[in-house]
Amino acid sequence: MKTEDLLEEIGNVSQDLIADHALPDGASSEQTGRNAKKEIVMNSKQKSEYIKNPFIRRLPAVAAIAAVVVAAVVILPKLDLRGTQPPVPAASIEQEDESSSALDLTNGMPSLIGMSLDEVRAVLDDQLDIVVVSREYSSEEEGIIFDQDVVPGSPVQKGDLVNVKVSLGAKMVQLPDMKGWTYEMAKNEILRIGLFVDKRSAYDDTVPEGNVISTDPAGPIDLEPGSYVRMTVSLGPNRNTVAVPNFVGMDWDLAQTTAAGMCLKLEKTEVDDPAPAGTVLSQNIAVGEEVSEETVIELTIAKGAAEKEGALRISFTIPEGANGHYHIKMMKDGVVTSVSSAFNPENAAGVTSITVEGEGEADLVAVLVNDDTLAEATIGTYHVNYADGTSELKSGSIEEAFRQLNNGNE
Amino acid sequence: MNDEKLIGLFEARSERGIEEADRAYGGLCRSIAKRILADSRDAEECVNDALLHVWNAIPPQKPKRFSAFFAAITRNLALNRYAAGHAARRGGGQIPLVLDELAECIASQEQTDQVLDRMALRDALERFLKTLSKQHADIFMRRYFSMIPVSEIAAELGLKENTVKSILRRSREKLHTQLKEEELL
């Protein structure tokens with residue numbers, strides 16, 4: 001094996017491992033909440049926060065390791081003096097070892113920043129004279145040390161005086177209403193008052209490009225310092241266009257997925273129609289017409305039969321390349337219980353569905369029927385739970401059923 | 001734009017997917033390529049190549065983590081480009097340093113069954129990373145996947161450079177031991 005192989009294979013480990021460890025937290029959009037917000041700041045290269053945040057985020061962990069080290073170095077020797085030999089827990093050894101270069105008491109004064117005053121006093125009170133010189137608002141929680149006058153690493157002796165500043169918790173800062181501000185102005189102000197920015201962009205016909213459309217939370221509002229403000233900045237009017245696809249025949253879910261992929265928006269009007277519930281019957285903009293992204297397209301959707309208790313819809317994905325005329329029937333113990341409307345795969349937009357009714361649970365066999373040849377092929381057995389409204393394909397596949405019928409045609 | 005929507009654009013063959021991918025992750029990938037190739041122009045070309053690869057790969061592929069997918073492709077292309085020697089004359093980058101460090105894990109240049117080795121090696125690496133603490137795995141991957149200089153990793157994590165170096169050294173030793181135990185060396 002060569003070193004180059006190792007280097008290359010490090011790049012081929014799973015995407016989860018890469019995203020979790022190699023990339024900044026911001027390089028994934030799967031995270032949510034505060035972490036997800038922080039990432040955007042990193043992506044937008046606001047370097048001051050970028051460097052600051054990972055450190056701040058890790059303070060609790062650093063403090064925890066520091067506490068273990070302090071306990072290991074200060075308490076264990078004392079116990080030794082009393083003539084006992086306590087077993088040293090393996091975890092302590094490991095943690096001490098891991099952090100030895102950064103937080104070793106033998107290297108002098110430890111960093112107390114990020115630790116609670118009570119915790120520090122409990123461990124160090126008979127070693128050092130810890131004096132609180134002030135209590136101030138800070139981004140640390142109340143009771144946490146956020147400053148010390150003895151530089152970590154400098155030599156200390158028993159009884160030495162160490163002045164610390166203890167946090168009163170966060171002082172609230174006011175986020176003003178920033179609608180219409182330029183992004184630069186808004187960002188500078190937010191950073192100045194001690195908040196962080198999570199920038200998003202959106203097209204807007206009225207707000208000029210580069211100006212703030214909105215913030216979340218909207219100002220004026222009091223926030224804790226260090227909070228993230230999601231700011232949506234205008235990209236100006238949307239000049240990108242897309243060709244309107246054919247939504248007719250799709251079901252509502254597929255239409256939405258398609259629209260989202262093409263940056264279009266949908267509105268629906270439901271009408272009574274014998275077509276399966278949710279089927280798109282018509283659209284207000286012709287297929288192929290070029291429209292701006294984010295354009296709203298109005299679709300007319302079949303309301304379908306009124307939802308009855310004990311009725312549920314099973315959807316089937318039609319494989320690509322199928323052609324002809326088909327319908328699907330559901331059978332229970334050899335008796336047909338429901339029949340779908342006829343469909344032509346070329347117009348069905350990849351999906352069709354059937355409504356089944358009943359009580360309790362049942363195993364239903366789905367059968368694909370070719371209306372041109374009247375040939376039939378079993379799709380598979382569905383286990384249906386009417387009470388929960390769920391269905392699960394236990395065996396078989398629709399691809400196989402189409403393959404059987406198509407082979408029969410040839 | 002979230003990854004799902006981004007992948008949706010690629011699946012719908014909308015070229016806006018490329019723009020959005022570049023906007024979201026181009027900077028990240030450019031910095032990885034730049035560390036490998038030590039040249040901005042090469043890095044830029046490499047990211048463009050990677051975007052084309054992503055365009056050709058999705059569909060049918062549907063990456064679980066778009067950022068990691070894009071970054072891994074960029075990194076592979078940059079390594080290939082580096083190996084081909086296009087960039088070597090323009091500067092060193094992090095590669096000579098990283099190769100030197102990783103040589104400790106290998107400590108042998110014997111050629112064995114390449115393909116089997118590669119698969120077993122990847123598998124061993126994944127298991128090795130899972131045995132490391134989150135912090136140590138972060139440091140290992142930042143150094144050897146993203147090729148970030150030790151000084152920058154230390155600054156980002158609020159650690160001393162020596163701490164990062166010693167964590168990396170211990171991780172390499174651990175990897176060496178594991179590879180040896182699994183008879184991959």
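Here is the naming used below: chain letters follow the sequence lines, and residue numbers restart at 1 for every chain.
- The CD atom of B/E4 sits 8.5 Å away from atom OG1 of A/T257, with the distance rounded to the nearest 0.5 Å.
- Considering every non-hydrogen atom in both B/M141 and A/I10, the closest pair reads SD-CG2, 4.0 Å.
- Heavy atoms of other residues, nucleotides or ligands lying less than 6.0 angstrom from CD of A/E399 number more than 12.
- The minimum heavy-atom distance between B/R23 and A/L235, with the atom names listed, is NH1-CD1, 4.1 Å.
- Contact of B/A137 with chain A is made through backbone and side chain together, with heavy-atom distances under 4.5 Å.
- When all heavy atoms are compared, the tightest approach of B/R65 to A/A19 is NH2-CB, 3.4 Å.
- Rounded to the nearest 0.5 angstrom, B/R16 CZ and A/M262 CE are separated by 12.0 Å.
- Closest approach of B/K134 and A/D20 over heavy atoms only: NZ-O, 3.2 Å.
- With contacts defined as side-chain heavy-atom distances shorter than 4.5 Å, the pair B/L9/A/C263 qualifies.
- Contact annotation for B/I73: neither backbone nor side-chain heavy atoms come within less than 4.5 Å of a heavy atom of chain A.
- Both the backbone and the side chain of B/E126 come within contact range of chain A, judged by heavy atoms closer than 4.5 Å.
- Neither the backbone nor the side chain of B/F10 comes within less than 4.5 Å of any heavy atom in chain A.
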